[in-house]
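All figures in this text were calculated on a predicted structure; none of them were measured in a lab.
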Amino acid sequence: MPKLRLPIPFGAAALAVAFAALLPHVAAQAQENDTLAKIKASGAITFGYRESSFGFSYLDGNLKPVGYSIEICNRIVEAVKTELKLPAVEIKYQAVTSANRIPLVQNGTVDIECGSTTNLVERQKQVAFSPDIFRYNVRMLVKADSGIRSIADLQGKTVATTTGTTSFRLLREADKGRNLEVNNLGGKDHSDSFLLVESGRAQAFVLDDILLAGQIANARNPKDFIITGESLRTENQSLMLRKDDPAFKALVDRVVSGMMKSGEMEKLYNKWFMSPIPPKGININYPLNAETKEAFANPSSKGI
């Protein structure tokens with residue numbers, strides 16, 4: 001009696017073919033998310049940098065990216081060289097904005113963003129973060145003679161925020177039912193937002209107070225501006241990297257936490273926020289606050 005050959009159900013066969021076709025894509029996706037493997041294969045790493053986050057990540061007089069965040073990323077590269085046993089790793093630079101920084105990390109254009117990004121739990125659905133490298137308060141910058149000193153004083157005014165930041169949303173949340181009527185004007189970067197106030201097109205600029213301090217320090221007439229008003233929220237800045245890449249995140253966490261525990265991070269902070277910095281030799285003069293001291297004492301990438 002001949003043996004019966006039972007056909008594979010069409011659905012199962014189709015599924016097997018589809019799975020086989022998917023395997024190369026899955027492997028490629030895994031490779032893309034493996035930053036250390038990518039660096040080893042290419043011999044290079046790409047930093048995302050900001051053009052005007054003074055102190056953190058900005059362009060010096062030679063249009064070279066410099067700053068506190070950039071130096072931390074440089075320390076990470078040294079650890080990568082040791083980990084991969086590479087004599088050198090080329091550092092490439094890619095300018096990012098508040099609007100495009102997350103997509104550029106996600107799609108692999110940028111390997112680590114060395115800028116001034118807030119570590120939010122909602123953003124952790126898309127990307128991963130280092131331990132906090134700074135904590136600060138979201139407040140507003142105004143002209144010293146404007147008479148604006150609180151959120152209530154913004155009634156009927158125009159407020160500048162940088163596109164892609166959470167600033168205007170925080171302002172709305174802080175309104176707490178007072179039905180504050182304000183117009184929002186978006187700047188493409190922090191310097192652009194500052195110019196909106198300097199030129200009189202906006203009456204206030206809402207952002208992290210440390211970044212506002214950097215804008216004032218670099219203004220033509222710093223005494224014309226002040227940081228004022230109640231804090232809209234205490235936030236935290238971190239380096240940003242791809243999600244689902246545990247090996248690279250572990251290395252980043254080890255380097256950043258080590259710098260904090262050794263005291264190197266505080267020395268780096270003083271270099272960029274309490275000393276004259278390029279290109280104009282201006283001192284932002286923003287002493288280490290209690291929130292950042294806590295971040296250094298207890299490194300965390302938990303987010304808010």
### Message
Tell me if a side-chain donor or acceptor on N283 pairs with a main-chain N or O of M274 at a distance below 3.5 Å.
### Response
yes
### Task
For the pair K249 and S301, evaluate side-chain hydrogen bond (donor to acceptor under 3.5 Å, both in side chains) and give the outcome as yes or no after the intermediate values.
CA-CA 10 Å; K249 176 163 169 52; S301 56; 3.3 Å; yes
### Message
Under 3.5 Å, is there a donor on one side chain and an acceptor on the other for T162 and H190?
### Response
yes
#### Entry: By ring pair (Phe, Tyr, Trp, His ring centres under 6.0 Å) - contacts of F129 (at least two apart)
none
## Note on the structure
Between R135 and E294 the two heavy atoms that sit nearest each other are NH1-CG, 3.5 Å
### Task
Spell out, as yes or no, whether a donor-acceptor pair under 3.5 Å connects the side chain of E230 to the backbone of I151.
yes
### Summary
Rounding to 0.5 Å, atoms CZ (R139) and CD1 (I210) come to a distance of 12.5 Å
### Query
With distance as the sole test, does Q215 use its side chain to make a donor-acceptor pair with the main-chain N or O of F54 at under 3.5 Å?
no
#### Entry: Any donor-acceptor N/O pair, S275 side chain to W272 backbone, under 3.5 Å
no
### Query
Do E71 and K271 meet the salt-bridge criterion of a basic N to acidic O distance under 4.0 Å?
yes
### Query
Going hydrophobic residue to hydrophobic residue with side-chain gaps under 4.5 angstrom, can you get from V80 over to M240?
no
### Query
Nearest heavy-atom pair of S193 and G187: which atoms, and what distance?
OG-CA, 3.5 Å
### Task
Mind listing the closest non-hydrogen atom pair of Y286 and A213 along with its distance?
CD1-CB, 4.2 Å
### Query
Which atom pair, heavy atoms only, marks the closest approach of Y93 to P65?
CD2-CG, 3.6 Å
### Query
Hey, is CD on E181 packed in by over 12 heavy atoms from elsewhere, all under 6.0 Å?
no
### Query
When you measure from the side chain of R242 to the backbone N and O of V110, does any donor-acceptor pair fall under 3.5 Å?
yes
### Query
Looking only at heavy atoms, what is the nearest atom pair of V121 and G303, with distance?
CG2-C, 4.0 Å
### Query
Is any side-chain heavy atom of Y68 closer than 4.5 Å to a side-chain heavy atom of M265?
yes
### Query
Any link between L36 and V89 through a network of hydrophobic side chains (Ile, Leu, Val, Met, Phe, Trp, Tyr) touching at under 4.5 Å?
yes
### Message
I'd like to know if the side chain of Q124 reaches the main chain of K302, judged simply by a donor and an acceptor atom lying under 3.5 Å from each other, with no hydrogens or angles considered.
### Response
yes
### Query
Are any side-chain N or O atoms of N184 and backbone N or O atoms of V159, one a donor and one an acceptor, separated by less than 3.5 Å?
yes
### Task
Report the C-alpha separation of R149 and V142 in whole Å, then their side-chain angles, then the decisive distance to 0.1 Å, and conclude whether the side-chain contact (heavy atoms from CB on, under 4.5 Å) test is met.
CA-CA 8 Å; R149 296 295 182 270; V142 300; 4.3 Å; yes
### Task
Check step by step if side-chain contact (heavy atoms from CB on, under 4.5 Å) holds for Q94 and F47.
CA-CA 6 Å; Q94 170 67 50; F47 287 1; over 6 Å; no
### Message
Measuring only between side-chain heavy atoms, which start at C-beta, is R101 closer than 4.5 Å to L104?
### Response
no
### Task
For the pair D60 (side chain) and N62 (backbone), establish whether a donor and an acceptor sit closer than 3.5 Å, ignoring hydrogens and angles.
yes
### Message
Measuring from atom CG of D111 to atom CD1 of I45, what distance do you get when rounded to the nearest 0.5 angstrom?
### Response
5.0 Å
### Query
Can L232 and V206 be said to form a side-chain contact (heavy atoms from CB on, under 4.5 Å), step by step?
CA-CA 9 Å; L232 302 183; V206 177; 3.6 Å; yes
### Query
Under 4.5 Å between any side-chain heavy atoms of E51 and Y58, yes or no?
no
### Query
Can a salt bridge be assigned to the pair R123 and E235 using a cut-off of 4.0 Å between side-chain N and carboxylate O?
no
### Gap between atom CD1 of I76 and atom CG of L239 - 0.5 Å precision
5.0 Å
## Note on the structure
Only one of T234, T118, T292, D209 passes side-chain hydrogen bond (donor to acceptor under 3.5 Å, both in side chains) with Y136, and that residue is T118
### Message
How long is the straight-line distance from CG of L268 back to CD1 of I70, given to the nearest 0.5 Å?
### Response
11.5 Å
#### Entry: L180 backbone acceptor or donor facing D175 side chain under 3.5 Å
yes
### Task
Kindly indicate, with the supporting measurements, whether the criterion side-chain hydrogen bond (donor to acceptor under 3.5 Å, both in side chains) is fulfilled by T161 and S167.
CA-CA 6 Å; T161 58; S167 300; over 6 Å; no
### Task
For K40, look at atom NZ and say whether over 12 heavy atoms of other residues, nucleotides or ligands are found less than 6.0 Å away.
no
### Task
Could you tell me whether the side chain of Y49 reaches within less than 4.5 Å of the side chain of L59, counting heavy atoms only?
yes
### Message
With clusters defined by side-chain heavy atoms of hydrophobic residues (ILVMFWY) lying less than 4.5 Å apart, directly or transitively, does L185 cluster with L212?
### Response
no
### Message
Do R201 and T158 make a side-chain contact, defined as non-hydrogen atoms from C-beta onward lying under 4.5 Å apart?
### Response
no
### Task
Please report the C-alpha distance between L171 and L154 in whole Å, then the side-chain angles of each, then the deciding distance to 0.1 Å, and finally whether the side-chain contact (heavy atoms from CB on, under 4.5 Å) criterion is met.
CA-CA 10 Å; L171 180 61; L154 294 175; 4.0 Å; yes
## Note on the structure
For L241 and S130, the nearest pair of non-hydrogen atoms, with its separation, is CD2-N, 4.0 Å
### Distance-only polar pair, side chains of D189 and S191, donor-acceptor under 3.5 Å
no
### Task
For the residue pair F134 and F56, categorise the inter-ring angle as parallel (less than 30°), tilted (30 to 60°) or perpendicular (more than 60°).
perpendicular
### Message
I'd like to know if R75 and E78 make a salt bridge, using a cut-off of under 4.0 Å between side-chain N and carboxylate O.
### Response
no
### Query
Sub-3.5 Å donor-acceptor pair from the side chain of S57 to the main-chain atoms of R50, do we have one?
yes
### Single-linkage hydrophobic cluster, 4.5 Å side-chain cutoff, L196 and F205 together
no
#### Entry: Pairwise distance CG(D132) to CG(N236) - rounded to 0.5 angstrom
4.0 Å
### Message
Would you compute the distance between atom NZ of K188 and atom OG1 of T97 and round it to the nearest 0.5 angstrom?
### Response
9.5 Å
### Task
Would you kindly confirm whether I133 and L207 end up in one hydrophobic cluster when ILVMFWY residues are joined by side chain heavy atoms under 4.5 Å apart?
yes
